[in-house]
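First comes the structure, then the notes that go with it.
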Amino acid sequence: MRFSRLFAPTLKEPPSDAEIKSHEYLVRGGFIRKVTAGVFDYLPLGKRVLDKIWKIVKEEMDAIGAQEMLMPIIQPAELWKMTGRWDDYGPTMMKLNDRHGREFTLGPTHEEVITFLMKNEINSYKQLPVTVYQIANKYRDELRPRYGLLRAREFVMKDAYSFHSDWESLDEVYQDMRKAYQKIMERVSLRYLIIEASSGAIGGNESHEFVSLAPIGESNVLYCEKCGYQASDERTPYVGEYEKIEEEEKPLERVSTPGVRTVEQVASFLGVGPQRIVKSLLYVGRRGFIMAMIRGDLEINEEKLKEVMKDQSIRLATPEEVLEKFGVPIGFIGPVGIEDVYIVADESVRYLKNFVVGGMKEDTHYINANIGRDFNVDMWADLRMAKEGDPCPVCGAPLKATKGIELGHIFKLGTKYSEAMKAFYMDEKGDLKPFIMGCYGWGVSRTMAAIVEQYHDEKGIIWPLSVAPYTFIITVVNMNKKEQVRVGERIYEILSRNGEEVVLDDRMVTPGVKFNDADLIGFPIRITVGKSVSSGKVEVKMRYSDERVDVSIQGSDSQILSKLLEIKRSYSPPPKV
RNA sequence: CGGGGAGUAGCGCAGGUGGUAGCGCGCCUGCCUUGGGAGCAGGAGGUCGGAGGUUCAAGUCCUCUCUCCCCGACCA
């Protein structure tokens, strides 16, 4: 490709909305352009990178026997209503109506569609197992799209689904996927962690996330340097012991606390530590209000709450709902005297004595509340959000924290969808059984941004070879010098003829422009054709290094080629993390 | 959804108190230049997000509306 023909509009200045380097450089380098919030054009360079990632993902899926297919973007509401996710997934779905008013969604994922297909097409255990996948656009109406390709509303995802008649078979595919994902990470040169995204305690379900390391990542990872435990903070159980407070129970007392709502305010107003205050948060679930209680200095992990309540629809109640139901503003809600509420308390509350809770009346709190005497807890559970320094659930050493970008997620679904959609097959004995399912997602477009996060410097992107839009850029320094043009054309011809991906910068612009664009776009290897042609040499430089090596152009084409390919083989950019 | 900010040329931005629309980059033409975003000269390009209003006069003031960006999203 000649740069003079390449549609790659580069920008000198960062776009005003770019907060992170991958966003800035992908826009400035002419890879992507924003169409509207969270929706992008992929320009030719961006499409080439995307295609390379796409191909790697496809190859690794094919290698483990997954079969590629394609499912629709437009999906009817009925399928989603069968599993209850029309409401559960609700606001994140892009919804639309046809001219008759029928409801549809732009698919955020395809469990319903694939299960519907298999329900109709697979009748016997003899047809199992089967694993299919697709690489296609997904649509999620994110609360707040940002960070360019990292949190987009339209994005490219690989999603695979497997169907089984037994758990062993599911586990085999699960392990295959795990290995395939590791290969993908290696092939795109990303440093990553595989983290547990499930406690493993519930129903044999299992889930792992593949997280690309990046300081700007939105996944919080906890890991143990001693035993190698790695998990998301949401899925890390708390295994520490809580201190038993041995104190005589004092009489319950309601005190006036005008305008004092938050734990910090209550602590300073009453002069007690946050450890002696108990937060009571009201949630709404399928069966009504739920109160979650936890010690004042800790945070509730809503994922744990959903899990112990076996209710994924749980959400925090709004202040209006609370006021309407209980006649008390949030901030003064507490467990004493409350009715029609299921009370779940974190273990941190269990051995507390004489603590502070909301007064169930505006501007009041109770002091010296005690469990059993003043209120009862319906269920004790681990609701605590794990954080750095908590004991490792495996070995007890203090956990460390880091951040990453979630690229892959594999999950043993079990029979959740097959049962909800009555997707059954007939087993050896003639009994109808629900499919045992797994699903496996990979963010293809997001991978592009994750790579840039790990491979860039102050000048631009430094692509790993496997995903670079082109491998070589030939920079002809002075287009008015016939000799330079001739040599540039010759090298361009040699590389092109041998199937190398190369751009010849034949633009009539000053060298600075060419060098800066080459650095910004991130071509791995730059061949500078300049003054040294007169002494029979060009200069070759790898993007991540300042070292320049001279390559003689006096030898044969094949000598030049083998020298350039030798340099290509040694290309190995260092990741930033 | 709550709070804040912003919509003016392709991009980045400036335009007290109302008075005929500006700068830098980019773009076009010519000359010149070519090892890290050159120089000179000349030029093209804007219904100032949209609708309504006040006024002799609105980018500027008022009302409504759309979009975008940032922070937060209930931790009681």
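Protein chains get the first letters and strands the later ones, always in sequence-line order, with residue 1 at the start of each.
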Check: Roughly how many Å is it from CD in A:Glu19 to C1' in B:rC68, rounded to a whole number?
Finding: 13 Å
Margin query: I'd like the C1' distance from B:rU63 over to B:rG2, given in whole Å.
Written below: 23 Å
Next item on the list: Remember a base hit wins even if backbone is also touched, and classify A:Leu298 as base, sugar-phosphate or nothing at under 4.0 Å, heavy atoms.
Entry: nothing
Check: When the nearest nucleotide of RNA chain B is assigned to A:Arg146 and to A:Val260 on a heavy-atom basis, which residue is associated with the more 5' position?
Finding: A:Arg146
Margin query: Using every non-hydrogen atom in the two residues, find where A:Gln484 and A:Gly530 come nearest and quote the distance to one decimal.
Written below: NE2-C, 3.4 Å
Notebook entry, point to check: Which of the following nucleotides, B:rG35, B:rG37, B:rC68, is nearest to the side chain of A:Asp517?
Noted result: B:rG37
Checklist line | Separation of B:rG36 P from A:Leu520 CG (nearest whole Å) | finding: 18 Å
Checklist line | B:rG26 base / A:Arg28 side chain donor-acceptor hit below 3.5 Å | finding: no
Notebook entry, point to check: What distance, rounded to whole Å, do you find between the two P atoms, one in B:rA14 and one in B:rG49?
Noted result: 14 Å
Item checked: Atom of A:Leu383, atom of A:Leu305 and distance for their closest heavy-atom approach -> CD2-CA, 3.8 Å
Next item on the list: Could you check whether A:Asn516 gets within reach of a base, just the sugar-phosphate, or nothing at all, counting any heavy atom under 4.0 Å?
Entry: base
Notebook entry, point to check: So what does A:Glu302 hit on the nucleic acid, given a heavy-atom distance under 4.0 Å: a base, only sugar-phosphate, or nothing?
Noted result: base
Checklist line | Integer angstrom distance from the P of B:rA51 to that of B:rC70 | finding: 28 Å
Next item on the list: Would you kindly give the CD-to-C1' distance between A:Gln265 and B:rC75, to the nearest whole Å?
Entry: 13 Å
